[in-house]
Amino acid sequence: MHLDVITPDKKVLSEEIDGLSVNTPNGHIGILPNHVHLVTKVIPGEMIIKIKGKERYYAITGGFLEVNENKVTILADYAVQSEQIEVEKALEAKKRAEEILKKTKEKVSDRDFALAQAELRRAVMELRVANRRRRVRSLPPQG
Amino acid sequence: MATVISLKRRMKAAQNVSKTTKAMQMISASKLKKAQYAALSTRPYVQELDLMTKNIINAIDKISFNHPYLKSRKTTGKTLLIILAPDKGLCGGLVSNLLREQIAYHKKNPDNSFYIPIGKKIEGYVARLSKDVIATFRFGVTNPTFDVIAPIMKIIDEYYLGGKVDGVKVLFTDFRSFFSQIPTIATLLPIELPVEVAKGKQSCFYVFEPEASEILPDLLRHHVEMTFYHFFLESFVSEQAGRMIAMQNATTNANDIIEDLRLEYNKTRQAKITSELLDITGAAIAAA
């Protein structure tokens with residue numbers, strides 16, 4: 001099964017995979033080879049893909065997903081692999097966004113408010129995915 | 001023959017021009033890098049989005065699902081043409097190429113278009129050509145951000161969904177390479193199906209989660225917005241490439257002129273010295 005993850009910035013991923021799971025408005029779904037042709041929306045959260053028995057974690061924001069003849073295409077606004085998440089930067093972004101949100105609404109324009117909200121959501125999600133990766137690593141190897 | 005002083009003045013002027021154009025060339029070159037990155041990295045996304053949308057449109061039942069973005073209609077016979085042009089000049093033939101395309105379009109479809117010129121360099125011309133200019137916008141001098149399309153989308157919605165026009169087209173400059181930027185008219189609305197897909201290959205059946213009526217409007221809207229935004233990026237990178245090449249040529253020309261003038265200046269100076277020496281020796285001989 002082939003997976004393409006494309007964002008407006010770049011092609012994040014184009015690889016043969018064994019399976020993946022993402023969040024959709026109807027809940028968490030898993031896609032394995034020979035899945036029925038499917039169109040759905042992706043909502044912000046964690047995406048797990050499996051390549052040759054190994055799991056990889058991605059933080060992904062909203063987008064669309066299409067399954068067509070064992071070819072999965074995800075068009076997302078933003079996607080990053082857990083190893084590439086910069087925790088410091090995400091923490092900083094979270095702090096910055098929270099400060100803006102704390103101000104009363106009169107001081108902040110609606111647009112800035114919405115931007116800060118989106119930034120906060122993204123930062124929190126990135127941190128969650130990054131933390132999860134650490135937990136996974138600290139587990140003893142399965143025998 | 002020109003005097004030494006006037007030659008010197010002309011050389012100075014050419015040098016100034018060369019300096020200015022060189023600086024502009026360098027500014028465009030640095031802007032071009034960023035713009036090119038933005039435009040080229042968005043391209044695969046837009047292409048894939050386009051493919052996905054068309055695949056899906058082709059697969060759905062068009063009778064049960066009827067979105068205004070997909071319906072081609074002929075009620076008013078009018079079109080809305082949006083023209084993307086730079087705010088600043090000195091970018092080679094870019095603006096005049098756009099204008100030529102626009103005039104050709106206007107001749108073919110007289111009096112059945114509304115216009116939205118974007119960019120200072122074209123709004124005056126368009127206003128002179130037609131009365132049906134409904135709004136003008138600035139293009140901006142930095143890399144366009146996604147926000148720029150919001151106010152224009154509002155007008156598009158008002159005219160297209162409000163039934164005042166049958167379609168929306170965009171005239172923009174397609175960036176092929178540094179040396180070739182081609183003015184192109186593309187249809188934004190209704191979303192067009194490519195002929196080969198529309199005809200053959202009764203394509204596959206899709207499962208929609210949630211309902212198609214919930215996903216598709218979002219997808220179509222996203223498709224229109226991204227396509228439109230991508231036109232902005234293409235236009236901007238074309239502008240920068242056009243300006244860089246134009247300024248490069250201008251610098252080369254100025255340097256050629258400087259060289260010619262220097263040659264002439266040296267000759268004139270030499271001739272002047274020679275004639276002065278002749279004067280002095282002549283006078284010395286006469287005095288002796």
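Residue numbers begin at 1 in each chain, while the letters A, B, ... track the order of the sequences. Please read all numbers here as calculations on a predicted model, not as lab measurements. Both backbone and side-chain heavy atoms feed into the values below; hydrogens, waters and symmetry mates do not.
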Would you say that more than 12 heavy atoms from the other residues, nucleotides or ligands in this model lie under 6.0 Å from the NZ of Lys164(B), or not? yes
Between Leu65(A), Thr24(A), Thr40(A), which shows the greatest number of heavy-atom pairs under 4.5 Å with chain B? Thr40(A)
Can you tell which part of Val36(A) gets under 4.5 Å to a heavy atom of chain B, answering side chain, backbone, both or neither? side chain
Determine the option with the most heavy-atom pairs under 4.5 angstrom with chain B, choosing from Lys41(A), Lys11(A), Lys10(A). Lys41(A)
Where on Ile56(B) is there a heavy atom nearer than 4.5 Å to chain A: the side chain, the backbone, both, or neither? side chain
Indicate yes or no: at least one non-hydrogen side-chain atom of Asn68(A) is less than 4.5 angstrom from one of Asn55(B). yes
Carefully, step by step, assess Val39(A) and Ile215(B) under the rule side chain to side chain contact (heavy atoms under 4.5 Å, CB included). CA-CA 8 Å; Val39(A) 178; Ile215(B) 298 182; 4.2 Å; yes
Taking non-hydrogen atoms and a cut-off under 4.5 angstrom, which of residues 30-46 of chain B neighbour chain A? Tyr37(B), Ser41(B), Thr42(B), Pro44(B), Tyr45(B)
Contact part of His230(B) toward chain A, heavy-atom cut-off under 4.5 Å: side chain, backbone, both or neither? neither
Shortest non-hydrogen separation from Thr73(A) to Met52(B) and the atoms involved: O-CE, 3.6 Å
Which answer fits Asp147(B), side chain, backbone, both or neither, if we ask what part of it has an atom under 4.5 Å from a heavy atom of chain A? side chain
I want to check something: taking the side chain as every heavy atom from C-beta on, are Tyr206(B) and Val67(A) in contact at a cut-off of under 4.5 Å? no
For Lys88(B), look at atom NZ and say whether over 12 heavy atoms of other residues, nucleotides or ligands are found less than 6.0 Å away. no
Is Pro25(A) close to chain B through its backbone or its side chain, or both, or neither, when contacts mean heavy atoms under 4.5 Å? side chain
Taking side chain as everything from C-beta outward and backbone as N, CA, C, O, which of these in Asp9(A) sits under 4.5 Å from a heavy atom of chain B? Side chain, backbone, both or neither. backbone
Is the shortest side-chain heavy-atom distance between His222(B) and Asp77(A) below 4.5 Å? yes
